[in-house]
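Read through the structure below, which is laid out as structure tokens, and then see the notes.
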Amino acid sequence: MPTEYAGVRNGTAELPPPAELLRAFRESDDPSRLQHSVLNAARQLVECHERRSKAIDAAHAPDAPEGRVAACSLLVEDIDGDRAELVGRIDAWVADNVEHRGGASLHTETLGAVIDRLAAKWIAAQRALRRSPQRRTYPVQVDGEAHLQWCRLAELTDGYRDLITDVIEHRRRLPVW
């Protein structure tokens, strides 16, 4: 794995903070995501995970004929290929724009892989919330599955915040493939 990075940098201040990342996940028409290639790719990853989740649900339907299962399987493969391309775009942006200190410890995942996991968890949390029986109480109460998925998303978001803070402060560097 290469450890050298491109010489010209725009600076690590351009790493999107967690709030902007989550906004890009939530709002397909957010104008700020069009100005940052990482946010744009992140939104597209959410769309991939939503399509992937629907395809898997359709394939696992009790009355799904073999033809639909096969078509869904091919669709999931295509979506996973799109996801790999988007992760690669994020990682290429990191290689071109993020300055790394040579002695900083290496993170185990690329930024693209981290954002892909966040996008997947965002979809899982949204879907769990839609399936959760809403009770008309204040504060709003949801079932255990929805609560679990949102807690996991919060944990991943905290981890992302810690990661970009460590990268900005040169305590950690991101792998470049």
Side-chain angles (χ1 to χ4, degrees), residues 1 3 5 9-53 80 83-84 86-132 134 137-177:
M1 171 181 3
T3 57
Y5 301 90
R9 306 271 182 241
N10 292 334
T12 54
E14 292 185 24
L15 284 168
E20 284 185 31
L21 189 62
L22 293 175
R23 188 177 313 111
F25 287 172
R26 184 181 70 239
E27 299 171 10
S28 60
D29 59 349
D30 179 25
S32 68
R33 84 173 172 89
L34 298 175
Q35 298 170 0
H36 198 300
S37 58
V38 171
L39 294 176
N40 195 23
R43 176 62 202 175
Q44 291 177 52
L45 282 168
V46 164
E47 292 167 1
C48 285
H49 281 287
E50 180 66 32
R51 289 189 350 255
R52 188 177 199 280
S53 182
D80 288 346
R83 286 178 43 227
L86 292 165
V87 166
R89 276 195 230 160
I90 293 170
D91 295 340
W93 182 90
V94 168
D96 292 340
N97 295 281
V98 177
E99 185 177 357
H100 292 74
R101 197 183 95 221
S105 63
L106 184 64
H107 189 63
T108 57
E109 289 182 288
T110 67
L111 188 65
V114 170
I115 292 174
D116 185 53
R117 280 194 308 122
L118 274 160
K121 191 51 69 180
W122 171 265
I123 292 302
Q126 291 290 328
R127 290 173 65 88
L129 192 58
R130 286 192 295 263
R131 286 190 303 262
S132 174
Q134 299 284 319
T137 60
Y138 184 80
V140 175
Q141 295 178 1
V142 295
D143 69 5
E145 177 64 19
H147 183 263
L148 175 66
Q149 294 299 333
W150 281 95
C151 285
R152 289 181 175 167
L153 176 63
E155 290 168 353
L156 284 174
T157 303
D158 287 345
Y160 173 79
R161 177 183 294 109
D162 293 344
L163 173 62
I164 65 170
T165 299
D166 285 351
V167 168
I168 289 168
E169 295 178 359
H170 302 290
R171 291 189 300 256
R172 200 171 272 286
R173 59 191 165 95
L174 295 164
V176 177
W177 304 107

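The structure displayed is predicted, hence computed values, not measured ones. Along the sequence shown, the residues carry numbers beginning at 1.
With values rounded to the nearest 0.5 angstrom, I164 atom CD1 is found 12.5 Å from E14 atom CD. We find the OG-CG distance between S37 and D96 to be 9.0 Å, quoted to the nearest 0.5 Å. In this structure, CZ on R172 lies 8.0 Å from CG on L106, to the nearest 0.5 angstrom. Atom CG of L15 and atom CG of L163 lie 8.0 Å apart (nearest 0.5 Å). The NE2 atom of H107 sits 9.5 Å away from the CG atom of D166 when rounded to the nearest 0.5 Å. Taking CG of L39 as the reference point, atom CD of E27 lies at 11.5 Å (rounded to 0.5 Å).
The two residues W150 and A125 have their closest heavy-atom pair at NE1-O, 3.1 Å. Considering every non-hydrogen atom in both A104 and R173, the closest pair reads O-NE, 2.8 Å. Across all non-hydrogen atoms, the minimal contact from D91 to G112 is OD1-N, 2.8 Å. Across A95 and V176, no two heavy atoms sit closer than the pair CB-CG1, 3.5 Å. Closest heavy-atom contact between C48 and L86: SG-CD1, 3.9 Å.
For the pair E47 and R51, the salt-bridge criterion is not met [side-chain N within less than 4.0 Å of a carboxylate O].
Residues L153 and L118 have side chains in contact (heavy-atom distance under 4.5 Å, counting atoms from C-beta outward). Using a 4.5 Å heavy-atom threshold, the side chains of V98 and L111 count as separate. Taking 4.5 Å as the limit, some side-chain heavy atom of D116 sits within range of a side-chain heavy atom of H49. Counting heavy atoms from C-beta outward, R161 and P17 have side chains that stay 4.5 Å or more apart. Side-chain contact between T110 and L174 is absent, with no heavy-atom pair separated by less than 4.5 Å. You'll find the side chain of E20 stays beyond 4.5 Å of the side chain of H36, heavy atoms only.
Listed by chain and number, the residues in a side-chain contact (heavy atoms from CB on, under 4.5 Å) with R117 are E109, L156 (sequence neighbours excluded). Take L22 and apply the side-chain contact (heavy atoms from CB on, under 4.5 Å) test, not counting sequence neighbours, and it matches F25, W122, T157.
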(request) Please report the C-alpha distance between R26 and V46 in whole Å, then the side-chain angles of each, then the deciding distance to 0.1 Å, and finally whether the side-chain contact (heavy atoms from CB on, under 4.5 Å) criterion is met. (result) CA-CA 9 Å; R26 184 181 70 239; V46 164; over 6 Å; no
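Residue K121 is tested with Q149, E155, Q126 for a side-chain hydrogen bond (donor to acceptor under 3.5 Å, both in side chains); the sole match is Q149.
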